[in-house]
Amino acid sequence: MSIYDTLNKEQKEAVLHTDGPLLILAGAGSGKTRVLTHRIAYLIDEIGVNPWNILAITFTNKAAGEMRDRVNKLVGFGAEQIWVSTFHSTCVRILRRHIDKLGYENNFTIYDTDDQKTVMKEICKRLNIDTKEIKERTLLNAISNAKNELIGPVEYELKSMGDFSRKKYVLVYKEYQAVLRKNNALDFDDLIMKCVELFKSSSEILNNYQERFRYIMVDEYQDTNTAQFELVRLLSDKYRNLCVVGDDDQSIYKFRGANIRNILDYEKFYPEAKVIRLEQNYRSTQSILDAANAVIKNNENRKDKTLWSSRESGSKIHFRQFDTAYDEAEYIADDICAKVRKGGNRYGDCAVLYRTNAQARLLEERMVAEGIPYDVVGGVNFYARKEIKDVLAYMKTVDNGRDDVAVKRILNIPRRGIGSTTVQKVTDYAEMLDISFYEGLKDADEIMTLNARTAGMIAPFVTLIQTFRSKLPEYGITNLIRDILEKTKYEEYLKDQYEEEAEDRINNIEELINKAVAYEESNDAPNLSEFLEEIALVADIDNVENDGNQVLLLTLHSAKGLEFPVVYLSGMEDGLFPGYMAITSGDPTDIEEERRLAYVGITRAMDDLTLCYAKTRMQRGETQYNPISRFVREVPAELTDYTIPGVIKITEEKETPKAADPRPKAILRPKATPKAEKPYIAQGISGLNQLTGLSKGAAVSILGELSYGEGDTISHVKYGEGTVIKIEKDPRDYKVTVDFVKAGQKIMYASFAKLKRL
DNA sequence: CACAGGTCTCTTTTT
DNA sequence: GAGACCTGTG
């Protein structure tokens, strides 16, 4: 019996079809990753394809990692040679080798959304564009859209000829691109676009990669944009072994340029394509699938398919209605508690999904209050946190002095007495000589407009950077970070600026150091540019561990590709989900996209699904009264355990009856006792989030008495148990050195660490 | 130049 | 409700 006998008929067919274009329409939970991994194994083991010739592209590093692990288990040999990576990392890898052909330096930096905004702000200032009239975001979105459609500044100008309203956009796009080039930087969209440009400009390079990647597989194909499609098309053009897997019903990234036509029209691009549908779902109960099917069939633009399961119908879908969003959060927390206490589920089985990140806060507070371990995915990307960006900006400056954005960011952090006037003068000077801002700083004492005192404040900064640079080769990345922190007294700066929050932020930096250590350990030739690039391409979801025993809080978007035994969809309200924007835009495809999001949400659930609705909720500082989400109403009443007003046609009963609240309050509220001592909550897998709410007020008074001494055994929120090695008094606080059983030695401030004697 | 205190705007969703 | 932005003061 071979590994392929475990596949169903369609899956097997997909695995065995190795040559020529192949479209696998894989419904949610239909085992598409299984198919992809088995297909790779089959290509290598049975067809004799060299692993080196296989390219598998995913959207997130997490998906790539999982795929690689699973292929490793299937293929005896050579799996590490398969190129499994995301669109963005694939392109970076290629561009690092060849981008000099396009006039960039190979150690280019990658700009995230934050950096883009900084650049745009400056451009608007220079071009006298009122950012109240046209927001930076709007301009950046326009540029992003253009890039996703492979429209460069020149084509953009041609296309906008005669359109007066576009004039500013044309100017801005050109300028923006010029600044990026000057800074030797690429934004996310550039990564794809430049790669395509490279292939189009050099048939030799293209041919090289075509020969290399004879078998190409693309996961989540419904989320590809035009540029990504073109990239894949070019790469596969010679051998035409392009296998794409996707589900048009799960296309949820239109806002990011995803072009659903890529999957809907695949057979038009590739008339010879074989199409295989995977409709058997191995994940969810039949009730959950019925609900998902019922909702999604309201969409016009889709390839018809119907998921079915061999599983039993299972319990009904729960619909719960609440007066406020607080009640909703409380119910969810209580319900999770109850499920865990009953012993049927672990915390890690449960996930709460929501439409907007802002909804996380309330849920988070409730989790904290009830002592439920949880992890929030997303919100502010770990690498987008201020403290992390500061440190990274130092590193970028050391690595590539051409990145003006990075240099300007840290020039006055911590305070060096260099303000905006000085920055402006140096900028002008640098512009005049057409050199980078950093080069300008080096010349500070030659800049006429600067007085000697100011120039004298700049000099130590330049020396600092130069010293880092000269030391880098001998001491490596980890020591560079430590050195930066030490020389700039960065931690003290954080303590000054952020008081209680500083501890979290310092922990975040510690986390960054851990990443650096891991990177240096796993690489034979570690290099700063490469490390920075790896970091630039990390998504929040990449850091989530599924096996953790904690409730996961995440957006519907982040939840794609995941599954959980117990799922709560919170905020099922028209105006929130579907969002206000989609409802009012007048474009019916916007609602369809939201509906696909609902479909994604529902199909994450394996056994138990709860839809939650709150009559009132605070949205951007205002109390909103939203009606029940239309998507809830699209779920057939017989599948739910509660009669949703308006779903069953009870003859014109207009008013929602009082009895509408289905919640048996008495049972579901094991009172939260705020004063009782709750066990501290293990925070996230790697402490990527902060404890909001908890950190306030709970701090030990500064310089008060400590409840522990040297030699005592204590426990820490994140690091667990440890022994106090040393306590030092510092002007502001006690500095405690602890040797943790699991995490090793750490130095922390008593007022933040909240250590508890055991 | 730094900082405090006020006003304004805003979010879907993310590589 | 928070963060970004502006303004006035020392």
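Values below: every heavy atom of this structure, side chains too, minus hydrogens, waters and symmetry copies. Chain identifiers are assigned alphabetically (A, B, ...) following the order of the sequence lines, protein sequences preceding nucleic acid strands; residue numbering begins at 1 within each chain.
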Does A:Ser558 make a side-chain N or O approach to OP1 or OP2 of B:dT14 shorter than 4.0 Å? yes
A:Phe255 over B:dT13, stacked by centroid distance under 5.5 Å, angle under 30°: yes
Measuring from the side chain of A:Arg415 (C-beta onward, heavy atoms only), which nucleotide among C:dG1, B:dC3, B:dT13 has the closest atom? B:dC3
N or O in side chain of A:Thr113 less than 4.0 angstrom from B:dT15 OP1/OP2: no
Can you tabulate the close N/O pairs, meaning under 3.5 Å, that link protein atoms to atoms of nucleotides 3-7 of chain C?
| from | atom 1 | to | atom 2 | distance (Å) |
| --- | --- | --- | --- | --- |
| C:dC5 | OP1 | A:Lys121 | NZ | 3.2 |
| C:dC5 | OP2 | A:Lys121 | NZ | 3.4 |

Whole angstrom is fine here: how far is it from CG in A:Leu576 over to C1' in B:dT13? 12 Å
Selection from B:dT14, B:dC10, B:dC3 that lies nearest to any side-chain heavy atom of A:Lys135: B:dC10
Centre of A:Trp83's six-membered ring, under 6.0 Å away, within 45 degrees of the axis: is that where NZ or CZ of A:Arg93 sits? yes
Can you name the ring pair (Phe, Tyr, Trp, His ring centres under 6.0 Å) partners of A:Tyr599, sequence neighbours left out? none
Once you round it to whole Å, what is the distance between C1' of B:dT11 and CG of A:Asn141? 12 Å
The side-chain hydrogen bond (donor to acceptor under 3.5 Å, both in side chains) partners of A:Arg630 (sequence neighbours excluded) come to A:Asp574
Base, sugar-phosphate, or nothing: which does A:Gly417 touch, judged by heavy atoms less than 4.0 Å apart? sugar-phosphate
Listed by chain and number, what are the ring pair (Phe, Tyr, Trp, His ring centres under 6.0 Å) partners of A:Phe59, not counting sequence neighbours? A:Phe87
Distance, rounded to the nearest Å, where A:Arg361 contributes CZ and C:dG1 contributes P: 8 Å
Considering only heavy side-chain atoms of A:Phe188, the closest of B:dC10, B:dT15, B:dT13 is B:dT15
Determine: side-chain N/O of A:Asn61 to OP1/OP2 of B:dT15, distance under 4.0 Å, yes or no. no
note: A:Phe59, atom CZ; B:dT15, atom P; distance rounded to Å ~ 11 Å
Could you check how far CD of A:Glu533 sits from P of B:dT15, rounded to whole Å? 16 Å
Euclidean distance, atom CD of residue A:Glu622 to atom C1' of B:dC8 [Å, nearest integer]: 14 Å
Taking the six-membered ring where the residue is Trp, are the ring centres of A:Tyr104 and A:His98 under 6.0 Å apart? no
Considering every strand and a 4.0 Å limit on heavy-atom distances, what is the contact class for A:Glu593: base, sugar-phosphate, or nothing? nothing
By ring pair (Phe, Tyr, Trp, His ring centres under 6.0 Å), A:Tyr613 pairs with (sequence neighbours left out) none
Between A:Asn412 and B:dA2, does any side-chain N or O lie under 4.0 Å from OP1 or OP2? yes
May I have the distance from A:Ile413 (atom CD1) to B:dC3 (atom P), rounded to whole angstrom? 12 Å
Nearest heavy atom decides the nucleotide; on that basis, is A:Thr86 or A:Gly419 closer to the 5' end of DNA chain B? A:Gly419
Do A:Tyr354 and A:His557 have their ring centres less than 6.0 Å from each other? no
Atom P, compared across B:dT13 and C:dA4: separation rounded to whole Å: 15 Å
Backbone of A:Asp187 reached by a side-chain donor or acceptor of A:Gln116 within 3.5 Å: no
Quick one: on DNA chain B, does A:Thr421 or A:Asp590 contact a more 5' nucleotide (nearest heavy atom)? A:Thr421
Looking only at the side chain of A:Met618 (C-beta and beyond, no hydrogens), which of the listed nucleotides B:dT14, B:dT11, C:dG1 gets closest? C:dG1
Between B:dC3, B:dC10, B:dT15, which one does the side chain of A:Thr60 approach most closely? B:dT15
Below 4.0 Å: OP1/OP2 of B:dT15 and any side-chain N or O of A:Asn225: no
Set of residues satisfying ring pair (Phe, Tyr, Trp, His ring centres under 6.0 Å) with respect to A:Tyr490, sequence neighbours excluded: A:Tyr493
Between B:dC1 atom P and A:Leu450 atom CG, what is the distance in whole Å? 9 Å
